[in-house]
Amino acid sequence: MFSKEQLNAFSKTETPFYFYDLSLLNKTLDAIKKAAPEEYHIHYALKANAHPTLLELIRKAGLGADCVSGNEVKRSVECNFSNDKIVFAGVGKSDKEINYALDQDIFCFNVESTHELQVLDQLAKNKNKKANIALRINPNVDAYTHKYITTGLEENKFGINPYEFDIVVEELKKLPDLNFIGLHFHIGSQIGDLTPFKNLCLRVNEINKWFIQKGYLLPHINVGGGFGINYKEPDNHSIVDFESYFNVFKQFLELQPQQQVHFELGRAITGQCGSLISRVLYIKHGINTNFAILDAGMTELIRPALYQAYHKIENISSSSAKQVKYDIVGPICESSDCFGKAVELPETKRGDLIAIRSAGAYGEVMSSRYNLREPLPSVFI
Ligand SMILES: *Cc1c(COP(=O)(O)O)cnc(C)c1O
């Protein structure tokens, strides 16, 4: 739902653009702080949205940064996240990215393979530094989410599998420039039900016990992110139920008193505060459908084309009482450039403003220049 003032500003702004509701972001951050026990460390996953304006509010709320590329580490540093709150994951960290992160003395590298351990050790040695590492573990827990955003199954490329633990522990003994400080897990994204998180906790307990038996009482346990948002009803559920989410970990994680818990949330923090605002260019009457052709397409928001993601679509200009079904499509030369099929809207005409909701996470950051599209602006009101 948009205020009169916002709608008025939209009507004077060239489309398409991303609109971010900073007051909702602040309310979301307040809700996290209220729900999370004080000893939990929350890192924001920059890959969901790395806009400096959003990052500033997130940093001010006391969160750390979770990065999956060297440039995300750089962005966190530039946005004044303190270096000891920056973690860096990713299956394919380049030497350049690792060297940059070593220079920044980040808190922890989440290492995804034995081979990466060896490379990181060598690069740290070259700089006379010691790198803090957590092993990213593939817990083989099903997140029951879209297959493209499931990450914690044996078939996925992420993390180290339990059958490799003996080898990894032997290898670590030969790598003196790494400080082994933690275990890291991340099972997927847009997880709507809390059961996968409970299952994750139970796996973490087993794996943690295994390492303790081997003599590694690790001070940091990072359980990743993945908590989903409500795309169907963004206004009724603008802030996720963080209390229930954290309660699962409070209830089921069995850690030693010395062990600290870390989280990496992305979508649940920035997802609902952003909308893609676009204008209708043309209405086209097909045989069985009407098309509403927008000036925004998959180049601005790829989630529907990439993983059949649902976004609520609203005509925020029309007050017509007549409801009509439209296929809402973009201008890009791909048939997958479709935001929604048979979407019921008030009768829609050229020039109407269309809001595609819940686009604050994995929206703007995934936009591309395909078809030589213009980079699009962000608007904050
Ligand atoms: C993407 C990602 C996250 C955040 O996922 P959300 O679903 O946005 O909460 C956290 N940790 C890692 C390692 C990731 O790759």
Side-chain angles (χ1 to χ4, degrees), residues 41 43-56 58-59 63-138 148-149 151 156-160 164 168 171-172 174-186 189 220 222 224-225 262 264 266 270 302 306 361-370 375:
H41 304 273
H43 304 263
Y44 168 66
L46 262 79
K47 78 172 192 285
N49 191 319
H51 200 291
T53 306
L54 305 186
L55 290 181
E56 189 184 334
I58 292 167
R59 174 185 54 78
L63 277 69
D66 164 43
C67 305
V68 291
S69 76
N71 280 342
E72 287 187 358
V73 175
K74 191 153 175 256
R75 177 66 59 87
S76 315
V77 171
E78 285 165 359
C79 290
N80 302 314
F81 281 86
S82 89
N83 302 38
D84 61 4
K85 281 187 176 180
I86 299 176
V87 296
F88 183 15
V91 284
K93 305 178 189 77
S94 71
D95 293 16
K96 186 176 165 188
E97 291 176 310
I98 292 174
N99 280 325
Y100 175 76
L102 284 169
D103 288 340
Q104 299 304 320
D105 297 314
I106 63 165
F107 171 60
C108 194
F109 290 84
N110 294 333
V111 175
E112 308 229 8
S113 66
T114 319
H115 198 179
E116 187 191 334
L117 286 172
Q118 295 159 348
V119 171
L120 180 56
D121 181 73
Q122 186 59 50
L123 293 175
K125 199 187 312 299
N126 294 349
K127 290 184 180 290
N128 275 322
K129 291 201 172 200
K130 286 201 189 296
N132 284 343
I133 65 122
L135 294 178
R136 174 164 182 180
I137 288 167
N138 186 343
Y148 286 3
I149 51 176
T151 55
N156 299 127
K157 68 179 175 182
F158 300 100
I160 295 167
E164 303 168 274
V168 171
E171 192 60 35
L172 274 168
K174 299 180 215 152
L175 304 173
D177 299 284
L178 304 181
N179 292 326
F180 181 23
I181 62 163
L183 301 174
H184 171 235
F185 304 83
H186 174 66
S189 200
H220 301 284
N222 184 333
H262 296 252
E264 303 169 335
T270 49
I302 201 176
L306 185 62
Y362 309 103
E364 190 177 351
V365 279
M366 281 192 179
S367 62
S368 80
R369 301 292 313 273
Y370 182 44

* Does Tyr362 use its side chain to pair, donor to acceptor, with the backbone of Ile302 at less than 3.5 Å? -> no
* Asked: Atom OG of Ser368 and atom OH of Tyr370: how far apart are they, to the nearest 0.5 Å?
  -> 8.5 Å
* To do: Check Asp95, Val73, Asn71 against Tyr100 for a side-chain contact (heavy atoms from CB on, under 4.5 Å) and give me the one that passes.
  => Val73
* Which atoms form the tightest heavy-atom contact between His184 and Ala134, and what is the distance? -> CB-CB, 4.2 Å
* **Ion pair check, Lys129 and Asp105, cut-off under 4.0 Å** => yes
* Asked: Is the backbone N or O of Ile181 less than 3.5 Å from a side-chain atom of Asn179, with the two atoms forming a donor-acceptor pair by type?
  -> no
* Only counting residues at least two apart or in another chain, list the ones meeting side chain to side chain donor-acceptor pair (under 3.5 Å) with Lys127. => Asp103
* Report yes if the side chains of Leu120 and Phe109 come closer than 4.5 Å at any heavy-atom pair, otherwise no. => yes
* State, with a plain yes or no, whether a side-chain heavy atom of Leu55 is found less than 4.5 Å away from one of Asn49. => no
* Structure fact -> Tested for side-chain contact (heavy atoms from CB on, under 4.5 Å) against Cys67, the lone hit among Glu72, Lys74, Lys47, His43 is Glu72
* **Test item: Glu56 side-chain N/O and Thr53 main-chain N/O as donor-acceptor pair under 3.5 Å** => no
* Structure fact -> Contacts of Phe107 meeting ring pair (Phe, Tyr, Trp, His ring centres under 6.0 Å) (sequence neighbours excluded), chain-then-number -> His220, His262
* Can a salt bridge be assigned to the pair Glu116 and Lys93 using a cut-off of 4.0 Å between side-chain N and carboxylate O? -> yes
* Asked: Do Phe88 and Glu97 come within less than 4.5 Å of each other through their side chains, counting heavy atoms only?
  -> yes
* Under-4.0 Å salt bridge between Glu171 and Lys174 -> yes
* **Gap separating the CG atom of Leu178 from the CD1 atom of Ile133, nearest 0.5 angstrom** => 5.5 Å
* Excluding sequence neighbours, so at least two apart, what forms ring pair (Phe, Tyr, Trp, His ring centres under 6.0 Å) with Phe180? -> Phe211, Tyr216
